[in-house]
Amino acid sequence: MITKAIEKINRENLRKNTLPEFRIGDTVTVQVKIKEGEKERIQSYTGLVIARDGGSSTETFTVRKNSHGVGVERVFPLHSPSVAGLKVESSGHVRRAKLYYLRERSGKTAKLREKNKAMTAAVAAPTPA
Amino acid sequence: MQGLLGKKIGMTRVFDADGQQVPVTVLEVGPCVVVQCKSRDCDGYTAVQLGFAEQKESRVVKPQLGHYKKAACAPMRHLHEFEMESGEEVKVGDRLTAAMFEGTEFVDITGLTKGKGFQGVVRRHGMSGGPITHGGHSKRRVGSIGCRSYPGRVHKNKRMPGHQGNIRITQQNLKVVQVRGADNLLLVQGAVPGPKGAVVVIRRSIKKAKRAS
């Protein structure tokens with residue numbers, strides 16, 4: 001059970017600027033703020049969203065990509081200030097909430113079918129993060 | 001005052017200035033009412049008795065009710081004594097809140113841990129147990145507990161199965177992440193003994209006594 005007090009704290013930790021709506025199976029580019037000493041720069045990370053976990057301010061999403069033949073997964077806190085921005089590159093057709101089965105696949109079998117355009121338009125209506 | 005009584009509410013995560021997530025335990029701290037001031041003349045030592053969480057009058061026995069009447073406050077569920085800090089003065093009836101920890105960097109938290117019942121050595125002491133396969137007959141057993149005719153007995157404090165948990169422990173040097181005076185909440189980094197709803201004693205850290213301000 002989540003108490004009112006914790007709910008209130010979580011609400012304060014929600015991000016101020018909303019990210020665009022994205023779903024499991026979307027290929028996204030995440031803008032990550034990286035601190036190097038005093039300087040701060042932004043790094044892009046592109047990959048497939050294979051999971052979204054948790055709720056409220058503790059929600060995270062997992063982005064998987066193939067980097068020089070090696071599978072890389074990064075878990076981003078959705079509401080972290082270090083996630084500066086996010087862009088949906090394309091949407092894949094998926095039938096489950098967690099795409100962990102892609103970990104065992106490589107090459108063509110690890111590709112997702114492109115989402116039906118008409119369906120994409122129907123779900124594109126933005127909802128708050 | 002060195003500390004206050006509080007209630008463990010639960011855990012969540014907050015973001016720090018660098019955008020990193022910090023695991024925090026949310027504690028409802030106070031308001032604690034000063035029920036009695038003990039003095040050197042009257043009691044032989046100086047201390048302050050604090051009460052936490054109001055109680056129905058019908059649930060308190062008469063002698064205790066008189067104790068609360070004397071302080072002109074509602075009956076309390078929990079009472080605890082704290083030593084005074086030097087140069088500090090409080091009087092009976094004062095209400096102390098989480099704002100007291102403003103500027104405190106680290107706290108020690110005392111509470112009763114969750115009871116685990118009678119547990120074996122693998123869980124209780126982290127022993128590795130015996131072989132599971134290859135004809136192993138001591139999967140989670142203690143194994144040898146000593147030598148033979150010398151010393152001819154089992155050494156004291158030999159780690160064995162027994163009751164685990166439900167003991168009073170103090171978690172030291174927990175970092176104060178946030179003090180929310182308005183809500184009477186204190187956010188400390190890391191875990192705190194006991195289940196949700198447990199009453200804990202929150203004191204300023206004795207090892208890291210330095211204050212921020």
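First the proteins, then the strands, lettered A, B, ... as listed; each starts at 1.
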Sole candidate of A/Asn13, A/Thr58, A/Asn10 that passes side chain to side chain donor-acceptor pair (under 3.5 Å) when paired with B/Thr12: A/Asn10
When you look at [atom1] of [X], are more than 12 heavy atoms from neighbouring residues, nucleotides or ligands closer to it than 6.0 Å?
| X | atom1 | answer |
| --- | --- | --- |
| B/Lys8 | NZ | yes |
| B/Lys91 | NZ | no |
| A/Lys98 | NZ | yes |
| B/Lys114 | NZ | no |
| A/Arg41 | CZ | yes |
| A/Arg103 | CZ | yes |

Interatomic spacing from NZ in A/Lys4 to CD1 in B/Ile9 - rounded to 0.5 Å: 12.0 Å
A/Thr3 OG1 to B/Glu28 CD distance, which is reported to the nearest 0.5 Å: 9.0 Å
Structural part of A/Glu12 lying under 4.5 Å from a heavy atom of chain B: side chain
Interchain contact, B/Val26 with chain A, by part (heavy-atom threshold 4.5 Å): side chain
Considering all heavy atoms, the nearest A/Ser57-B/Arg13 contact: OG-O, 4.2 Å
B/Gly19 to A/Ser82 - nearest heavy-atom pair and separation: O-OG, 4.0 Å
Side-chain heavy-atom pair A/Ile9, B/Arg180 within 4.5 angstrom cut-off: yes
